[in-house]
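Here the structure is laid out as structure tokens; the discussion comes afterwards.
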Amino acid sequence: MSEADPAGTAAGNGAAAEAMVDVRGVSRTFHRGRTPVPVLRDLSLRMEKGEFLALMGPSGSGKSTLLNLIAGLDRPTGGEVIVGGSAIHRLSERKLAGWRARNVGFVFQFSNLLGALSAERNVAVPLLLTSFSARERRRRVDIALEIVGLSARGKHRPRELSGGEQQRVGIARALVNDPALLVCDEPTGDLDRTTSAEILDLLVALNRDHGKTILMVTHDPVAAERASRTLHLEDGRLAECGHDGTIEVPVHEPAGAAV
Amino acid sequence: MSSFTLISAALRRKKTRTFLTFSSVVFAFLIFGVLSMLQTAFSMGAEIANEDRLVVRHRVSLFQLLPQSYEADMEEIPGVVDAMHMTWFGGVYQDPSNFFMQSPVEPAEYLDMYPEILVPEEAKLRWIETRNGAIAGRALVERLGWEVGDRIPIQPTIWRQQGRGDDAWEFELVGVYDADVEGFDQTQFLFRYDFFDEARSFGRGQVGWFMVRIADPDRAPEIAAAIDDTFRNSAAETKSESEGAFAAGFANQVGNLGLIVTSILGAVFFTILLVAGNTMAQSVRERIGEIGLLKALGFTSSRVQRLVLMESVTLVTTAGFLGMVLAVGLERVLRPALAAYFPGLFLRPEDLLLGLGLAVVTGLVVGIFPARRAMRLETALALRRL
Ligand SMILES: Nc1ncnc2c1ncn2[C@@H]1O[C@H](COP(=O)(O)OP(=O)(O)O)[C@@H](O)[C@H]1O
Ligand SMILES: [Mg+2]
């Protein structure tokens, strides 16, 4: 990836290999009553396959909004979102749901497991949307739990697990359909330092050993440090961010210039 | 693991609430079953009424008498096959609480009119031989511990015997009848009209009402009118109606039971809709984040809608089915125990089916709004509630 072009706006020139995420001139405006609230304006971002990108920024700056657009949870008011080669901003609701099931793993601030189900059943929930055999499902659940280091605790209910363990179950659930892209919205936001570090170790390992492309929204500079690259979102603009937290290069190029 | 795992997980989230809702639905359907049984019991006469029988009574009231000679007059009317009379006796056996229906009849006529009644041949013969012979329904005989051959003294309240003051009438039980129709009154006590007519102290030749069999049920209104016309302007005018209408009218005098039952049921089901509807609405409200999560994981909106709908149907329908099963159980216990007092007390198959159908429909109705709400939830917005 090019240090000089951190927001990846050169994606359109066709020279680079196909990006994992290619956001082009995207805007997203919400409405509060009749007042339009523009959160993202003409924003572009490129993530290579295998990248681990941290997205920082003040609260309310639109980090989750951007993450949702990339993960196919929301659609842009304008611009294009191309993920894994699919122009997902053009997909219908129904198609988008299917696309998410196959291509994106979600990790949230709270693990939000279903309290009445054991860890392994929680992990198996996304498999309900597949046509795998019971045996294949079983195998996938076992592997996912193994990767997050919870093989021994599959039968436990969420309330019998610690916060960190619950988050691991959440990560196993995100992995079970083997998506290329993981999106994590403040995955350590609710955890203490030590547990956070363990979860970040796990994410780093998933990125390094399993080739997952990871987009992680975080408030925490220590967490961001574990990523291969950090972007800062403020006032609707993206900027490369040094590991000391200072903004090094303000980047905002109009999409028209890029494409 | 299947979608049902998710449904059951949702129901187990708040176990106490689910249990309370479940129980109230069970109870509502039990009430439904019991009320259906009561309604059947009270309207039994109308239910088993034959379309080809008319009841002819005094125009003013059931308690005024008609000349027995009307029977022959009616049998002359075209369309009438047969006529037979009965009279309300209203006596007391030992204690007024032993109440049962007593009437003098002409045995052969009666048995012709009611083919649903089963009397052993030898009992029929003994009845014809024995002037004070009487037959009684199986349930009554068992309730009062009678045996064939017993002398049954019945104290008169209306019909005294000539020259014998308040003395009891003495009957001899010559047989027991059964009925091959569910709900046919098995508590009647029937004795011979000739014996009664000769011994009574007044009203000789007068009877209470007539049962008239007609050839063509479709012509019932026309024949009823013809009968009433025949006796118009006589000293005792008549009112004829089909047996069903007569029995229904009789049941209605008990109070408009059908309406009462329907109102209670309406209130019960309205409450169920509120209770179960509230549970489902609350459950969806608490799970907005969870529903957003399912959608994020790739569940389509319509699939989420189906899940919530199935949750409601599962809750209400299993509870409803259980309620109906309990009602059937209760019927099994009550029916033999109360057969002697409440002959028609049973849960009709159609009421059982109605209850089961109602359980499914209620489940759907209760679930539909929460399910739509879940379907419409915007994923990104819902996730903010995690
Ligand atoms: N669905 C929505 N409807 C209306 N406003 C929204 C919606 N989602 C986010 N916003 C607003 O957009 C802004 C950015 O939100 P968000 O992306 O969640 O910020 P961050 O994740 O950086 O804290 C906030 O002001 C928020 O209130
Ligand atoms: Mg956020």
Side-chain angles (χ1 to χ4, degrees), chain A residues 28 30 39 64-69 71-75 92-118 120-130 132 134 137-138 141 157-158 170 173-174 176-177 179 183 185-186 189-190, chain B residues 1-19 21-22 279-280 282-311 314-315 372-386:
Chain A
R28 181 67 171 106
F30 293 112
V39 175
S64 295
T65 302
L66 178 56
L67 178 138
N68 287 346
L69 290 174
L73 287 176
D74 188 16
R75 273 181 291 195
S92 66
E93 280 286 343
R94 173 170 282 276
K95 289 227 169 90
L96 204 53
W99 178 85
R100 285 197 300 272
R102 290 186 303 276
N103 297 286
V104 190
F106 290 89
V107 181
F108 301 98
Q109 177 169 2
F110 304 100
S111 59
N112 49 73
L113 304 173
L114 304 181
L117 298 186
S118 64
E120 58 188 20
R121 292 199 145 189
N122 268 287
V123 173
V125 167
L127 294 171
L128 289 176
L129 301 169
T130 67
F132 293 132
R137 291 183 190 196
R138 178 78 256 165
V141 169
R157 292 289 176 86
R173 181 178 62 196
V176 79
N177 273 333
V183 295
D185 198 343
E186 316 222 11
D190 196 41
Chain B
M1 174 155 159
S2 65
S3 295
F4 192 77
T5 315
L6 293 180
I7 294 165
S8 107
L11 289 172
R12 279 179 293 149
R13 262 182 77 256
K14 293 266 161 87
K15 290 210 185 70
T16 312
R17 184 174 67 197
T18 299
F19 175 76
T21 309
F22 188 87
T279 295
M280 285 305 302
Q282 223 175 315
S283 161
V284 165
R285 211 178 303 127
E286 291 160 0
R287 276 188 300 154
I288 285 179
E290 204 171 278
I291 290 165
L293 174 84
L294 288 179
K295 289 188 172 186
L297 294 179
F299 285 71
T300 58
S301 294
S302 52
R303 189 157 175 153
V304 167
Q305 183 185 24
R306 280 202 305 277
L307 278 177
V308 175
L309 201 55
M310 280 312 296
E311 183 184 330
T314 305
L315 175 68
R372 306 222 88 189
R373 172 150 196 226
M375 180 190 79
R376 292 213 180 102
L377 277 181
E378 234 182 274
T379 314
L381 216 52
L383 280 172
R384 296 177 87 88
R385 303 271 287 271
L386 270 179

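So that the names make sense, note that chain A is the first sequence line, chain B the second, and so on, each numbered from 1. Here the structure is a predicted model, which is why all the values come from computation and not from measurement. Values below: every heavy atom of this structure, side chains too, minus hydrogens, waters and symmetry copies.
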Check: A/Arg100 side chain, B/Ala296 main-chain N or O, donor-acceptor pair, under 3.5 Å: yes
Exercise: do A/Arg94 and B/Ser302 side chains pair donor with acceptor under 3.5 Å: yes
Pair A/Asp74-B/Thr379, side chain to side chain contact (heavy atoms under 4.5 Å, CB included): steps then yes or no: CA-CA 8 Å; A/Asp74 188 16; B/Thr379 314; over 6 Å; no
side-chain contact (heavy atoms from CB on, under 4.5 Å) partner of A/Val125, chosen from B/Thr5, B/Leu294, B/Leu293: B/Leu294
B/Leu381 versus chain A, the contacting section by heavy-atom distance below 4.5 Å: neither
Check: A/Arg173 and B/Leu297 side chains under 4.5 Å, non-hydrogen atoms: yes
Working for side chain to side chain contact (heavy atoms under 4.5 Å, CB included), residues B/Glu290 and A/Asn112: CA-CA 7 Å; B/Glu290 204 171 278; A/Asn112 49 73; over 6 Å; no
Minimum side-chain heavy-atom gap B/Thr300-A/Glu93 below 4.5 Å: no
Flag side-chain contact, heavy atom, 4.5 Å: A/Leu73 against B/Lys295: no
Under 4.5 Å from a heavy atom of chain A, the part of B/Arg303 involved: side chain
Contact origin within B/Leu11 toward chain A - heavy atom pairs under 4.5 Å: neither
Considering all heavy atoms, the nearest B/Met1-A/Arg121 contact: CE-O, 3.1 Å
